[in-house]
Amino acid sequence: MEENEKQKMYRHSMSHVLAKAIKSLYPGVKVAIGPAIENGFYYDFDNLTISPEDFAKIEDKMREIINKNEDFKRIVVSKQEAQKLFADEPYKLELIRDLPANETITVYYTGEDFYDLCRGPHVENTKFLRGFSFKINRVSGAYWRGSEKNKMLTRIYVYGFLNKDDLKECLRLEEEAKERDHRKIGKDLGIFMMHDLIGKGLPIWLPNGFLLRRALSDYIMDKELSLGYQHVMTPSLGSINLYKTSGHWEHYQEDMFPAMERENETYVLRPMNCPHHMMIYKSFMHSYKDLPIRIAEIANDFRFEGSGNLCGIERTRAFTQNDAHIFCRPDQIKDEIQGVINLILDVYKDFGFKNYAFRLSLRDKKNTEKYFGNDELWEKSEAALREILKSSGANYYEAEGEAAFYGPKIDVQVKSAIGHEVTLSTVQLDYQLPERFELEYVDEHDNRVRPVVIHRAIFGSLDRFVAFLIEETKGNLPVWLNPLQVKILTVSEKNIDYARQIEAKLHLNKIRVSADISNESVGKKIRSAVLEKSPFILVLGDKEMAENSVAVRTRGSKDTVSMSYKDFEKQLLETINKKV
RNA sequence: GCUUAUGUGGCGCAGCAGGUAGCGCACAGCCUUGGUAAGGCUGAGGUCAUGGGUUCGAAUCCCAUCAUAAGCUCCA
């Protein structure tokens with residue numbers, strides 16, 4: 001058996017051991033399901049309340065069961081027999097009820113006193129689990145069968161590996177992830193803050209964070225300008241009728257802040273910018289010769305995310321999209337989407353991102369009333385995106401039920417430090433909004449026809465992008481982005497004037513520099529500057545003053561290099577231009 | 001939103017068989033004028049998230065609210 005398959009089977013057998021341990025420690029508990037997952041397994045229980053203090057006790061019980069050398073005995077039963085066996089287990093009964101009539105039902109015994117409805121396979125005896133390394137990770141709630149309409153059960157997550165070192169490595173990675181967490185680094189580096197009184201999910205961008213955002217928006221707007229995008233600025237709210245026209249009010253009201261009424265008019269904070277951009281297009285006559293028209297905006301949006309879903313600047317209620325809408329003819333779709341994908345790849349290369357995946361987000365075919373438009377158009381759009389992805393050679397996977405209500409998408413998915421999968425960039429093909437807003441252009445036969453709209457965001461939201469950037473770089477941002485580019489330290493008070501001269505020269509070159517002239521030891525000042533993650537530290541003492549030089553310490557190195565100020569300046573500007 | 005935890009000076013934490021708060025960092029002043037990851041001394045700073053309750057007495061126990069975290073659900 002392949003190692004992966006073996007580990008999966010062991011994990012699954014361990015989940016039965018966990019269930020048996022819980023049943024014996026907490027009588028009255030009802031069992032639900034317990035599969036193997038990445039890094040271990042879990043099991044869901046009803047009528048169970050435990051806290052981390054109980055973990056050791058449960059682990060001991062599990063070891064006790066393992067050490068009893070109990071057989072995993074498989075038996076085949078009829079539906080009636082199964083219902084009888086699990087008469088006292090409502091969740092199992094529900095599963096049995098839903099099994100197809102011709103399905104072979106198997107039950108696995110662990111010892112004599114615990115049995116579980118299960119397809120298997122399992123290890124033959126618990127003695128094989130002796131070398132298996134496991135540790136209870138956490139307890140949390142999870143809805144029965146993944147639906148919020150159902151009861152919330154108690155889920156126990158356990159890390160589990162065949163190999164002891166794999167468990168150690170898993171725990172180490174978890175510790176490391178905490179250090180990379182953008183919320184910690186963002187606080188340490190003065191990027192952003194939150195405050196109860198301001199409101200949850202509403203990030204405050206501090207001076208360092210704003211410098212970073214400005215560098216990012218300048219970067220992306222310059223790129224867009226060179227690709228023929230036109231930037232606009234539109235209000236963060238709009239009349240409710242705008243969203244009734246677009247369909248957002250009908251489809252996404254629950255995710256929007258509630259409407260505001262005054263003078264018989266109703267306004268809403270906008271959750272996205274599409275409707276505003278539709279209106280810009282609609283306000284002018286367009287010839288087929290003018291298309292594509294690419295309208296872009298660095299735009300503030302507001303979404304009422306469930307309180308439990310908020311996460312630092314990864315998911316907020318107020319955020320800034322790097323959004324654009326491309327209005328084009330049907331024959332231009334392919335080139336335009338290809339252009340966006342190229343832009344995404346180009347940007348990710350500039351930032352050195354490697355851990356991402358393209359996802360073709362399709363509609364849920366079993367639940368089509370969620371979506372606008374007819375089947376034919378959807379098939380066509382989905383096929384078009386698939387073809388573009390295939391020909392671009394990008395690695396991608398397909399996901400049903402992830403489309404927007406107006407069309408399929410290509411999303412770029414990344415994983416955060418703590419393991420959330422989120423969308424960073426998105427490209428969406430849309431035939432619906434042009435229809436709803438009655439957008440037109442005049443074709444070569446003087447007919448008025450509908451354009452197609454491509455929605456796209458490269459940074460997705462600046463906020464989420466910064467979160468990912470911080471986690472990928474562990475806060476060691478490249479020099480061109482780092483809020484602080486050069487830190488100057490004086491050795492003694494005699495060097496303050498010289499330090500100020502150097503600082504002024506760097507300021508003239510628009511370098512983000514700060515000087516530490518405090519009455520502290522050089523060692524202390526170095527330490528502070530390193531913790532600030534300054535890419536360059538200049539130590540200025542009597543020696544440098546006499547030679548008109550600087551002693552440069554580069555981030556990541558403990559060595560100091562002495563050079564003339566001019567050389568340093570030249571090298572620094574080159575580094576910034578190269579965006580490394 | 002749901003389940004479970006957590007909430008102590010700016011930050012990180014200790015104190016919690018109930019007797020009205022401590023440490024480190026940061027901050028301020030002074031001494032030291034120092035050469036590559038923490039020099040020394042002194043000091044200021046907290047109604048222990050908020051509101052109720054139990055008690056002679058609550059940071060410590062109970063309830064509610066708010067916020068945060070993990071997972072679930074959601075994510076245009």
Side-chain angles (χ1 to χ4, degrees), chain A residues 42 44 46 48-53 137-157 174 178 181 183-184 187-188 190 193-201 243 246-248 251-256 270-275 301 303-312 314-315 321 323 361 370-371 402-407 409 411 418-423 426 428 430 433 455 457 464 489-496 518-531 537-544 551-553 557-560 562:
Chain A
Y42 68 77
D44 287 346
D46 189 16
L48 173 67
T49 311
I50 57 166
S51 68
E53 288 114 65
N137 173 13
R138 62 171 71 95
V139 57
S140 76
Y143 295 110
W144 166 239
R145 294 191 141 183
S147 168
E148 61 182 330
K149 292 187 186 74
N150 292 336
K151 188 167 181 191
M152 181 153 279
L153 308 176
T154 304
R155 176 172 295 178
I156 300 177
Y157 283 95
E174 194 182 64
K178 279 186 202 150
D181 193 315
R183 289 165 296 188
K184 176 177 159 46
K187 185 181 233 173
D188 290 348
M193 59 168 270
M194 304 273 189
H195 199 283
D196 298 1
L197 197 55
I198 292 164
K200 60 178 148 189
Y243 297 94
S246 70
H248 289 106
H251 277 258
Y252 290 102
Q253 207 185 127
E254 285 306 304
D255 299 287
M256 293 167 68
R270 66 172 172 195
M272 80 293 293
N273 323 298
C274 331
D301 292 314
R303 296 181 189 179
F304 199 87
E305 300 282 1
S307 56
N309 296 328
L310 300 170
C311 179
E314 178 188 300
R315 223 163 134 184
Q321 274 201 319
D323 201 11
S361 301
K370 266 171 68 182
Y371 307 94
E402 296 290 346
F405 70 86
Y406 47 71
K409 309 186 285 177
D411 294 315
I418 57 169
H420 295 160
E421 188 186 316
V422 292
T423 302
T426 185
Q428 309 172 1
D430 179 8
L433 289 186
H455 307 242
R464 179 175 287 179
L489 313 183
T490 50
V491 175
S492 82
E493 283 178 0
K494 287 176 288 184
N495 315 121
I496 291 177
S518 66
N519 191 12
E520 295 289 349
S521 65
V522 175
K524 175 88 170 267
K525 291 200 257 192
I526 292 275
R527 182 180 146 83
S528 310
V530 169
L531 290 176
I537 298 168
L538 303 185
V539 180
L540 305 183
D542 293 346
K543 186 166 159 269
E544 287 72 27
V552 186
R553 184 173 157 143
S557 157
K558 285 186 174 165
D559 302 328
T560 308
S562 219

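Since this is a predicted model, take the numbers as computed values, not measurements. Chain identifiers are assigned alphabetically (A, B, ...) following the order of the sequence lines, protein sequences preceding nucleic acid strands; residue numbering begins at 1 within each chain.
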| task | Examine the side chains of A/Tyr243 and A/Gln253 and answer whether a donor and an acceptor come within less than 3.5 Å of each other. | result | no

| request: Would you indicate what A/Phe405 reaches in the nucleic acid, counting non-hydrogen atoms under 4.0 angstrom: base, sugar-phosphate, or nothing? | output: nothing

| query | In terms of side-chain heavy atoms of A/Lys200, which of B/rG39, B/rC72, B/rG1 is nearest? | reply | B/rG1

| Using a cut-off of 4.0 Å on non-hydrogen atoms, how would the nucleic acid contact of A/Asp188 be classed: base, sugar-phosphate, or nothing? | nothing

| field | P-based separation of B/rC25 from B/rG18 [nearest Å] | value | 32 Å

| message | Base, sugar-phosphate or nothing for A/His195? Non-hydrogen atoms, less than 4.0 Å. | response | nothing

| Starting at the 5' end of RNA chain B, which residue's closest nucleotide do you reach first, A/Tyr143 or A/His420? | A/Tyr143

| request: For A/Gly306, report the nucleic acid contact type (base, sugar-phosphate, nothing); a contact means any heavy atom under 4.0 Å. | output: base

| What interatomic distance, in whole Å, is found between C1' of B/rC11 and the corresponding atom of B/rC27? | 12 Å

| Euclidean distance for P, B/rG29 against B/rA69 (whole angstrom) | 36 Å

| request: Select base, sugar-phosphate, or nothing to describe what A/Gln428 touches, counting heavy atoms under 4.0 Å on all strands. | output: sugar-phosphate

| With a cut-off of 6.0 Å (strictly less than), are more than 12 heavy atoms of other residues, nucleotides or ligands near CD of A/Glu421? | yes

| request: Assign A/Ala529 to base, sugar-phosphate, or nothing according to its heavy-atom contacts below 4.0 angstrom with the strands shown. | output: nothing

| What nucleic acid atoms does A/Asn309 come within less than 4.0 Å of, heavy atoms only: base, sugar-phosphate, or nothing? | base

| message | For a quick check of understanding: with a heavy-atom distance under 4.0 Å over all strands, which category does A/Arg183 fall into, base, sugar-phosphate or nothing? | response | sugar-phosphate

| query | Considering only B/rA37, B/rU36, B/rA69, which nucleotide approaches the side chain of A/Thr560 most closely? | reply | B/rU36

| task | Considering only atom C1', compute the distance from B/rU73 to B/rC66 and round it to an integer number of Å. | result | 22 Å

| task | For the pair A/Thr154 (side chain) and A/Leu48 (backbone), establish whether a donor and an acceptor sit closer than 3.5 Å, ignoring hydrogens and angles. | result | yes

| A/Lys525 side chain to A/Thr490 backbone, donor-acceptor under 3.5 Å | yes

| message | Ignoring hydrogens and geometry beyond distance, is a side-chain donor-acceptor pair present between A/Asp411 and A/Thr423 at under 3.5 Å? | response | no

| task | Using a heavy-atom cut-off of under 4.0 Å over every strand shown, decide if A/Glu174 touches base, sugar-phosphate, or nothing. | result | nothing

| message | Over all strands shown, is A/Asp559 touching base, sugar-phosphate only, or nothing at heavy-atom distances under 4.0 angstrom? | response | nothing

| Between B/rA37 and A/Arg553, is there an OP1 or OP2 to side-chain N/O distance shorter than 4.0 Å? | yes

| query | Hey, is the side chain of A/Arg527 poking within less than 4.0 Å of OP1 or OP2 on B/rU36, counting only N and O atoms? | reply | no

| Base, sugar-phosphate, or nothing: which does A/Lys525 touch, judged by heavy atoms less than 4.0 Å apart? | nothing

| task | Using the P atoms only, state how far B/rC75 lies from B/rC61, rounded to an integer number of Å. | result | 40 Å

| Do the rings of A/Phe405 and A/His248 sit parallel, tilted or perpendicular, given the 30° and 60° boundaries? | perpendicular

| field | Given B/rU33, B/rA37, B/rA76, the nucleotide with the shortest approach to the side chain of A/Leu531 | value | B/rA37

| query | Looking only at atom C1', what distance separates B/rG43 and B/rG35, rounded to whole Å? | reply | 30 Å

| query | Which value, in whole Å, describes the distance between the P atoms of nucleotides B/rA28 and B/rA44? | reply | 16 Å

| field | Along RNA chain B (nearest heavy atom to each residue), the more 5'-positioned of A/Arg155 and A/Ser521 | value | A/Ser521

| query | What nucleic acid atoms does A/Ile418 come within less than 4.0 Å of, heavy atoms only: base, sugar-phosphate, or nothing? | reply | sugar-phosphate

